[in-house]
Protein chains: 2
Amino acid sequence: MDHERWMGEALALADEAAGAGEVPVGCVIVRGEQIVGRGRNRREEDRSALAHAEILAIREACTFLKDWRLSDCGLYVTLEPCPMCAGAILNARLKWVCYGARDEKTGSCGSVLNLFEENYGYRPALYGGVLEEDCLARLRDFFRDLRRQ
Amino acid sequence: MDHERWMGEALALADEAAGAGEVPVGCVIVRGEQIVGRGRNRREEDRSALAHAEILAIREACTFLKDWRLSDCGLYVTLEPCPMCAGAILNARLKWVCYGARDEKTGSCGSVLNLFEENYGYRPALYGGVLEEDCLARLRDFFRDLRRQ
């Protein structure tokens, strides 16, 4: 699996979020050699607590594959998932998860806690720190520009 | 706050779910004396891992109130929230959560763990066991009928 290639696709979606004034987080879901779901943060635009990149990508993948189970798919996201998104990953039975930057405040794949190590009866494979520097740079630049405004 | 009254409204939505062949879980979100969001389990119909009662109710409330923050609202759900839904409750900054029946398998407000006691920087008030027997009876009847079929 070429984790960096797919994380690059997630980064392109993070850039799209930043261009729309949203915290730059992007996500793709991959099955084999195909992207089956894409999402990027839309919380402010959609005025919705649910509009995280991972949720939108999972919704698109479930619609595309006509199944709530994504058990032969992997998820790539530029920022460590929050508890809602980590829980959605468990519910959708994703096979593996790659994230870029850690999120010390709400990250739930190792930072605040690791939901994938709890007793939910399902554990996706987990890879952290993929293209971490690129993912972090997007967030750093976004918040620097925000402070300047 | 009349918790049993609002849980009764959530139970009516659980019955609607059962009628549609879904595991009977219902949810309402209340602000003052008004219901601002309703949801019931639609996982099979929508073929979506995200189509839990709480997620659909939070989406409706965010749309209705035009805000991702639901900080003056309370949520009533017939079954203890899973990690995805407990995380969505944190993201939406709901003021309080009432649930009916415990969920030993994925419940994340005290059963598998309690996400509201972790270090996420936000803690809604939590009331468990509201109309617990009625909520449990719905689930028991649903799974009994399913086994008979």
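Residue numbering restarts at 1 for every chain, and letters A, B, ... go by the order of the sequence lines.
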Residue part contacting chain A, namely of I55(B), when any heavy atom lies under 4.5 Å: both
Shared ILVMFWY cluster between V130(B) and Y99(B), side chains joined below 4.5 angstrom? no
V25(B)-V28(B) co-clustered via ILVMFWY side chain contacts under 4.5 Å: no
Which atoms of K66(B) are under 4.5 Å from chain A, going by heavy atoms: the side chain, the backbone, both sets, or neither? both
Measure the shortest side-chain to side-chain distance between L113(A) and Y120(B) over non-hydrogen atoms and say whether it is less than 4.5 angstrom. yes
Is L50(A) linked to F64(B) within one hydrophobic cluster, defined over Ile, Leu, Val, Met, Phe, Trp and Tyr using a side-chain heavy-atom separation of less than 4.5 Å? yes
Heavy-atom distance under 4.5 Å between the side chains of N91(B) and C82(A), does that happen here? yes
Distance col, row T106(A):OG1 vs E118(B):CD, nearest 0.5 angstrom, shows 13.0 Å
Leading residue by heavy atom contact count with chain A [cutoff under 4.5 Å; candidates A61(B), A86(B), A49(B)]: A49(B)
Flag side-chain contact, heavy atom, 4.5 Å: T63(A) against S48(B): no
Enter the distance from D46(B):CG to R59(A):CZ here, rounded to the nearest 0.5 Å. 10.0 Å
Is chain B contacted by the side chain of L65(A), its backbone, both, or neither, given a heavy-atom distance below 4.5 Å? neither
Given that the side chain runs from C-beta out, which part of N119(A) has a heavy atom under 4.5 Å from chain B: side chain, backbone, both or neither? both
Given the rule that I, L, V, M, F, W and Y join up when any side-chain heavy atoms are under 4.5 Å apart, are L13(B) and L75(B) in one cluster? no
Can you see whether W68(B) has R47(A) sitting over its ring - NZ or CZ less than 6.0 Å from the centre and within 45° of the normal? no
Counting only heavy atoms closer than 4.5 Å, note whether A92(B) contacts chain A via side chain, backbone, both or neither. both
With hydrophobic residues grouped by side-chain heavy-atom distances under 4.5 Å, do V30(B) and V97(B) end up in a single group? no
